[in-house]
Asks: 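Starting off with a structure, shown below.
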Amino acid sequence: IYEPVRSSDGSVDHEATAESLRDQIRASREFKALFRTIVQLASEYPAKDILQAFISVNNDYMLDDEDAFSIPVSGAGCANLGEYMLTEEGETILDGIIVTDFMGNKGEVSAEDIAKFSDEYLQEFLAACPVEDKDVKKTRAYNEGYMAVMLNSKNITRRLPDGTWENLAIATGYEYYRAHKSPEGNVAFHAAIREGKDVKEAMREFYKVSNKEKVIGIRPDGVTLTSGRKINWFIFQLKLKHKEVDLSKEDFDRLLKTTEEKGWKVDLQWA
């Protein structure tokens, strides 16, 4: 039964009545079912799609900014939809979707505008990520790959032939990282996978290649490596034997020829 809220003089307090009705609606089973549906969809779709859907229904179904902070989302470096909507100035995107012209007419920002905001947010986030870090998941390349899947893919998991499930966002993040750090190492990684090795074994092959140093200078008593380390010819020969230096047979022959032309007595053997 409808019972309006009345003020002390007996008149209907319309503002308080509207707030009371709003609370009753939000406490209803139907509203809670709607909210559960949004949360479920947020686990299946990219954050920017959920944001667009949220914006389209927030007024009609009495959803507000606070509700957005209770909707978990994946990707975008945020824990929930509310955080994802925050702009650099600390305003939520909800404050920006209503544009008012000089006549006071209002209209919703287009899907293109929302996508543009999402892309700008992503670029700002990536710019803040370090190029290199001990934690791969903090690097710019990893996050670029991770976010590409989280923001643009409907499905972020896939079933592997062995029956296990793979997180495509994480897998893509590592793929971007390997390709950025060492294209040659990434080739070695995939070659190991094709040979039937597991990911850990394949990553060891990747690091064997990506961690190899190159010769950037030679001296009468040895070489200088890309790390800046100076080693003598005996250590250099050992590194060649254990394939710890990135040096082709052609480059080795040229190096040996250079030492001969300079008159240096160097005893090296191609390993």
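Residues take their numbers from the sequence shown, with the count starting at 1.
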Asks: Measure the spacing between CE of Met147 and CD of Gln123 and express it to the nearest 0.5 Å.
Replies: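 So the CE of Met147 and the CD of Gln123 are separated by 9.5 Å.
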Asks: Identify the two heavy atoms, one from His180 and one from Val131, that lie closest to each other, and give their separation to 0.1 Å.
Replies: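 In terms of heavy atoms, the two residues are closest at NE2-CG1, 3.8 Å.
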Asks: Once you round to the nearest 0.5 Å, how far does CD of Gln237 lie from CG of Asp267?
Replies: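 Those atoms lie 7.5 Å apart.
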Asks: Could you tell me which non-hydrogen atom of Gly145 sits nearest to which non-hydrogen atom of Thr172, and how far apart they are?
Replies: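 Heavy atoms of Gly145 and Thr172 come nearest at O-CG2, 3.5 Å.
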Asks: For a side chain to side chain contact (heavy atoms under 4.5 Å, CB included) check, start with the C-alpha distance between Lys241 and Gln269, then their side-chain angles and the critical distance, and finish with the verdict.
Replies: CA-CA 9 Å; Lys241 179 179 179 181; Gln269 300 294 325; over 6 Å; no
Asks: Kindly compute the distance separating OG1 (Thr224) from CD1 (Ile231), expressed to the nearest 0.5 Å.
Replies: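 Reported value, rounded in 0.5 Å steps: 9.0 Å.
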Asks: Closer than 3.5 angstrom, by distance alone: can the side chain of Asp198 be matched with the main-chain N or O of Glu201 as a donor-acceptor pair?
Replies: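 Pair found, side chain donor or acceptor close to backbone of Glu201.
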Asks: Salt bridge or not for Glu205 and Lys208, using N-O below 4.0 Å?
Replies: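 Between Lys208 and Glu205 there is a salt bridge, with a charged N closer than 4.0 Å to a carboxylate O.
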Asks: Minimum heavy-atom separation for Cys129 and Thr139, please, with both atom names.
Replies: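 Shortest heavy-atom contact: CB-C, 4.1 Å.
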Asks: Is there a donor-acceptor contact under 3.5 Å from the side chain of Arg140 to the main chain of Pro130?
Replies: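 Between the backbone of Pro130 and the side chain of Arg140 there is no qualifying donor-acceptor contact (under 3.5 Å).
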Asks: Please verify the inter-ring angle class for Trp233 with Phe236; under 30° counts as parallel, over 60° as perpendicular, anything in between as tilted.
Replies: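 Trp233 vs Phe236 ring planes: perpendicular.
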Asks: Looking at every non-hydrogen atom in both residues, tell me the closest pair between Ile218 and Leu255 and how far apart they are.
Replies: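 The answer is CG2-CD1, 3.9 Å.
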Asks: Please check if Ile156 and Phe125 belong to a single hydrophobic cluster, counting links between Ile, Leu, Val, Met, Phe, Trp and Tyr side chain heavy atoms closer than 4.5 Å.
Replies: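 Same cluster.
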Asks: Is the shortest heavy-atom distance from the side chain of Glu175 to the side chain of Asn186 under 4.5 Å?
Replies: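 Yes; the side chains approach each other to less than 4.5 Å.
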Asks: How many angstroms lie between NZ in Lys230 and CG in Leu225, if you round to the nearest 0.5 Å?
Replies: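 That separation rounds to 10.0 Å.
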Asks: Is a salt bridge present between Asp135 and Lys137, judged by a nitrogen-to-oxygen distance below 4.0 Å?
Replies: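 Result for this pair is no, no salt bridge flagged.
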Asks: Can you classify the ring geometry of Phe252 versus Trp270 as parallel (below 30°), tilted (30 to 60°) or perpendicular (above 60°)?
Replies: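 Judged by the thresholds at 30° and 60°, the geometry between Phe252 and Trp270 is tilted.
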Asks: Check Glu144 against Tyr176 and note the closest heavy-atom contact, atom names and distance.
Replies: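 Result for this residue pair: CG-CE2, 3.9 Å.
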Asks: More than 12 heavy atoms of other residues, nucleotides or ligands under 6.0 Å from CZ of Arg29: yes or no?
Replies: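 Not buried by this count: 12 neighbours or fewer within 6.0 Å.
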Asks: Going by an N to O cut-off under 4.0 Å, is there a salt bridge joining Lys249 and Asp253?
Replies: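 Judged by the 4.0 Å cut-off on N to carboxylate O distance, Lys249 and Asp253 do form a salt bridge.
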Asks: Do Leu168 and Val136 share a hydrophobic cluster, counting only Ile, Leu, Val, Met, Phe, Trp and Tyr and linking them when any side-chain heavy atoms are less than 4.5 Å apart?
Replies: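 Linked within one cluster.
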Asks: Once you round to the nearest 0.5 Å, how far does CZ of Arg204 lie from CZ of Phe189?
Replies: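 The distance works out to 12.0 Å.
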Asks: Report yes or no: do Leu240 and Ile216 belong to one cluster of Ile/Leu/Val/Met/Phe/Trp/Tyr joined by side chain heavy-atom distances under 4.5 Å?
Replies: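 In one cluster with Leu240: Ile216, no.
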Asks: Going from OH on Tyr177 to CZ on Phe206, what distance comes out if it is rounded to the nearest 0.5 angstrom?
Replies: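 With rounding to 0.5 Å, OH (Tyr177) is 5.5 Å from CZ (Phe206).
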Asks: Could you walk me through whether Asn232 and Asp221 pass side chain to side chain contact (heavy atoms under 4.5 Å, CB included), step by step?
Replies: CA-CA 6 Å; Asn232 60 35; Asp221 60 343; 5.5 Å; no
Asks: Side chains of Arg178 and Met203: does their closest heavy-atom pair fall under 4.5 Å?
Replies: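 The answer is yes, as the side chains (C-beta and beyond) meet within the 4.5 Å cut-off.
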Asks: Specify the closest pair of heavy atoms between Ser210 and Lys181, including all atoms of both residues, with the distance to one decimal.
Replies: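 Closest pair (atom of Ser210, atom of Lys181, distance): OG-CE, 4.1 Å.
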Asks: When clusters are formed by joining ILVMFWY residues with side-chain heavy atoms under 4.5 Å apart, either directly or through shared neighbours, do Val209 and Ile193 land in the same one?
Replies: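 No, Val209 and Ile193 fall in different hydrophobic clusters.
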